[in-house]
2 protein chains.
Amino acid sequence: MSVTLSDVANRAKVSPATVSRVLNGNYPVAAATRERVLRAVDELDYVLNGPASALAASTSDLVGILVNDIADPFFGIMASAVQAEMGCQDGDGTGRAGGEKLAVVCNTGGAPDRELTYLTLLQRQRAAAVVLTGDTVDDPAHAAAVAAKLARLAEAGTRVVLCGRPPLTAHPDAVLAALPFDNRGGGRALTSHLLELGHRSIGHVAGPAERTTTRHRLEGHREALAAAGLGGDRAGGGLTVHGPYDRRSGYEGARELLRREPGLTAVVAANDTVALGVCAALREAGLRIPQDVSVAGFDDLPFSADAVPALTTVRLPLQAAGARAGRLALGTEKPPPGRVAEIAAELVVRDSTGAPRTG
Amino acid sequence: MSVTLSDVANRAKVSPATVSRVLNGNYPVAAATRERVLRAVDELDYVLNGPASALAASTSDLVGILVNDIADPFFGIMASAVQAEMGCQDGDGTGRAGGEKLAVVCNTGGAPDRELTYLTLLQRQRAAAVVLTGDTVDDPAHAAAVAAKLARLAEAGTRVVLCGRPPLTAHPDAVLAALPFDNRGGGRALTSHLLELGHRSIGHVAGPAERTTTRHRLEGHREALAAAGLGGDRAGGGLTVHGPYDRRSGYEGARELLRREPGLTAVVAANDTVALGVCAALREAGLRIPQDVSVAGFDDLPFSADAVPALTTVRLPLQAAGARAGRLALGTEKPPPGRVAEIAAELVVRDSTGAPRTG
DNA sequence: CGCGCCGTAGAAAGCGCTTTCTACGGCGAT
DNA sequence: ATCGCCGTAGAAAGCGCTTTCTACGGCGCG
């Protein structure tokens with residue numbers, strides 16, 4: 001049926017062991033022998049049997065990347081950066097060539113149980129590494145389950161990296177490194193910016209209430225508000241609505257906020273996509289951006305600079321963070337001290353925010 | 001170290017064979033025995049060893065999804081739909097539960113060699129199925145190489161499905177089914193729409209010249225032009241520029257077109273993202289959309305409806321196509337007769353196109 | 001000149017599963 | 001009552017690799 005190692009060995013007139021060693025390059029093989037083997041590989045169009053190899057070596061070259069929503073560029077950018085680090089360039093068809101991995105992305109849809117299922121599936125494949133991107137639900141039970149799962153993965157030799165996700169509280173040593181985003185700092189910077197412009201009535205269309213990212217961004221927002229002496233009921237809850245990370249949530253959230261507080265002069269959105277929805281609703285209500293109402297996003301996705309008006313937002317270095325996570329997963333880069341390195345968020349002021357109407 | 005099948009067998013006081021049969025559910029096992037085994041699995045927190053299982057059964061539960069750009073929602077939507085069909089809901093931690101697969105997406109970046117490398121990697125993993133989404137480069141050598149690779153995959157029992165990609169010319173039987181998009185028809189409909197509105201000077205910011213999708217959309221465009229008696233030099237080449245599928249290409253392409261033909265009244269873009277870039281450039285040139293220049297996109301991605309103005313475009317049922325591809329890959333759905341089913345494209349007229357300035 | 005070491009290659013024992021083939025009761029049929 | 005079949009379970013032979021352990025020349029050294 002299919003070509004095996006021994007077929008290659010026969011053709012090259014060596015033992016299977018030698019072929020294996022040539023392919024893995026982890027044992028001295030005379031140049032002439034190597035040549036002969038490689039030629040045989042080529043002539044027979046041999047492709048390594050991954051499962052067999054994984055079984056014997058009890059490790060595979062699979063690297064899993066978990067994302068919440070594959071259709072969201074936020075994750076796409078990170079996943080793509082992780083994959084790029086795996087350098088998928090082997091050249092010869094054997095799929096060998098030192099350390100190159102099959103980086104695969106798994107779409108959890110943000111659902112806790114799918115997250116666990118994928119983790120199990122990856123554990124079952126004896127994945128070499130797992131990168132978890134994005135936040136998770138803020139539920140102790142689920143956090144514990146995930147932490148336990150990751151601990152077992154780590155035990156089995158899988159390298160676990162968190163990218164844009166808060167460190168584990170339960171089994172912190174299960175992960176090689178955590179690269180959380182500074183969502184709180186970003187949220188604070190954004191709201192401070194709005195406050196400095198003179199805004200006092202700031203709405204917030206936040207993400208799903210149960211997500212850690214939502215909580216952190218909101219905390220930053222409130223910290224800024226509190227620092228300006230604007231804590232209390234209204235700012236704290238009255239002008240905050242929750243919804244998923246999509247455009248529709250922004251649209252509906254903005255309408256709801258407008259209903260609650262027609263005098264609103266600024267809206268902070270959960271992210272850039274939501275901000276676009278907010279803009280649409282405001283425009284529909286006959287409000288100009290930023291003359292009548294300022295709008296701010298989060299993440300600085302590529303389209304944000306092109307929106308009309310260009311979106312003020314908080315830049316998260318998704319690509320850089322993903323790349324770093326990839327290197328960490330591969331072992332190319334040393335983990336940060338304490339295994340945690342917060343990724344800074346940077347305020348990017350564009351055209352969608354301005355001073356409020358006077359009066 | 002890790003828990004094996006025999007551990008479970010010992011604990012349940014049965015043979016390993018029986019445990020395997022319970023887990024795979026493809027052999028009669030007495031209810032009481034099954035119970036006992038499942039309890040043991042649970043108590044030991046057993047996770048199947050994928051590679052071992054794949055080796056013995058010579059098939060794995062890995063399903064690969066190849067995409068050109070994971071950060072592009074065009075692919076994200078399809079990939080997500082494919083994954084959704086794999087139903088990743090096993091419940092118990094064993095990762096068993098009939099037929100549920102590990103659907104993984106592989107990002108080729110549109111590069112022919114990465115496409116081949118991923119295919120090799122998947123072949124090496126003895127993937128159960130492979131779904132190739134999106135178009136490919138219009139190069140006979142590469143097409144032949146891919147076709148050959150797919151033929152070998154098919155030979156080894158991997159189910160190959162093409163989604164939004166033209167059927168193979170070389171080894172057509174290697175693929176189970178091809179679901180190409182009607183890019184030509186869509187392109188024709190779009191340009192016809194513009195012609196009916198009265199446009200006569202229509203620019204085209206096309207995709208990369210070497211891609212099949214680009215060629216097909218362009219062919220549709222020219223067919224419409226020719227049907228209106230507007231073939232020839234200008235329409236055929238002078239008002240067409242090429243670039244990647246990103247916003248920047250639209251921006252620069254539009255500027256170039258404006259330079260070549262200031263009297264331009266409409267621009268067709270390679271896709272919606274490009275169209276956004278076109279809009280930005282036009283606006284920057286002081287042109288209103290659609291009063292001065294009409295703009296049309298392609299794909300109908302979610303943001304297109306929200307753009308300002310809302311984009312006239314051609315809807316491709318990405319989600320439905322992906323889902324169907326997933327079912328085909330799983331074997332849940334019968335392949336279409338002839339193994340090819342073209343996916344229809346539908347013109348969606350919104351606010352970015354209108355009648356040209358008179359005079 | 002002989003001893004041991006180094007560089008290179010082979011033999012063979014698994015890795016943890018699946019699956020065929022065999023075994024063994026208990027049942028209906030003859 | 002006996003035969004054979006069905007339903008269920010075990011034994012054991014691999015699946016195609018990796019890797020340890022062993023083997024074997026040729027070399028430098030004593």
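Order of the sequence lines sets the chain letters (A, B, ...), proteins ahead of strands, with each chain counted from 1.
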**Request:** If a pair satisfies side chain to side chain donor-acceptor pair (under 3.5 Å) and one of its residues is in residues 163-180 of chain B, list it, with sequence neighbours excluded.
**Result:** E115(B)-R165(B), T136(B)-R165(B)
**Presence of Y46(B) side-chain N/O under 4.0 Å of dC17(C) phosphate oxygens OP1/OP2** = yes
**Complete:** Heavy atoms of V160(A) and A174(A) approach each other most closely as CB-O, 3.8 Å
**Request:** For S58(A), enumerate each residue passing the side-chain contact (heavy atoms from CB on, under 4.5 Å) test, keeping only those at least two apart in sequence or located in another chain.
**Result:** none
**side chain to side chain donor-acceptor pair (under 3.5 Å) pairs, two or more places apart, involving residues 320-336 of chain A** = R324(A)-E333(A), R327(A)-E333(A)
**Item:** Value in whole Å for how far the P atom of dG16(C) lies from CG of N10(B)
**Value:** 13 Å
**Message:** Measuring from atom OG of S53(A) to atom CG of N24(A), what distance do you get when rounded to the nearest 0.5 angstrom?
**Reply:** 6.5 Å
**Item:** Atom-to-atom span, CG of N24(A) to C1' of dT19(D) - whole angstrom
**Value:** 10 Å
What are the atom names and distances for every N/O pair under 3.5 Å that joins the protein to nucleotides 23-27 of chain D?
none

**Request:** Not counting sequence neighbours, which residues clear side-chain hydrogen bond (donor to acceptor under 3.5 Å, both in side chains) with R36(A)? List them please.
**Result:** none
**Prompt:** What integer distance in Å separates R126(A):CZ from dC17(C):C1'?
**Reply:** 11 Å
**Near-strand residues of residues 51-59 of chain A, defined as heavy-atom separation under 4.0 angstrom from DNA chain C** = L55(A), A56(A)
**Set of residues satisfying side-chain contact (heavy atoms from CB on, under 4.5 Å) with respect to A54(B), sequence neighbours excluded** = P51(A), S60(B)
**Prompt:** Within less than 4.0 Å of OP1 or OP2 of dC15(D), is there a side-chain N or O belonging to N49(A)?
**Reply:** no
**Item:** R21(A): partners by salt bridge (Lys or Arg N to Asp or Glu O under 4.0 Å), with sequence neighbours left out
**Value:** none
**Request:** For N26(B) and dT18(C), give me the distance from atom CG to atom C1', rounded to whole Å.
**Result:** 9 Å
**Between N68(B) and D135(B): side-chain donor-acceptor atoms closer than 3.5 Å** = yes
**Prompt:** Is there a donor in the side chain of D61(B) and an acceptor in the side chain of Q125(A), or the other way round, less than 3.5 Å apart?
**Reply:** yes
Is there any protein nitrogen or oxygen under 3.5 Å from a nitrogen or oxygen in nucleotides 7-10 of chain C, and what are the pairs?
| unit_1 | atom_1 | unit_2 | atom_2 | d |
| --- | --- | --- | --- | --- |
| dA9(C) | OP1 | T33(A) | OG1 | 2.3 |
| dA9(C) | OP2 | A30(A) | N | 3.0 |
| dA9(C) | N6 | Y27(A) | OH | 2.6 |
| dG10(C) | OP2 | S15(A) | N | 2.8 |
| dG10(C) | OP2 | S15(A) | OG | 3.0 |
| dG10(C) | OP2 | T18(A) | OG1 | 2.7 |
| dG10(C) | N7 | R21(A) | NH2 | 2.8 |
| dG10(C) | O6 | R21(A) | NH1 | 3.4 |
| dG10(C) | O6 | R21(A) | NH2 | 3.3 |

**Message:** Angle between the end axes of the helix from dC1(C)-dG30(D) to dT30(C)-dA1(D), five pairs per end, to the nearest 10 degrees?
**Reply:** 40°
**Closest non-hydrogen atom pair, V82(A) against G322(A)** = CG2-O, 3.3 Å
**Message:** Rounding to an integer number of Å, can you tell me how far L5(A) CG sits from dT18(D) C1'?
**Reply:** 9 Å
**Contacts of type side-chain contact (heavy atoms from CB on, under 4.5 Å), residue A143(B), not counting sequence neighbours** = none
**Listed partners of T18(B) passing side-chain hydrogen bond (donor to acceptor under 3.5 Å, both in side chains), at least two apart** = S15(B)
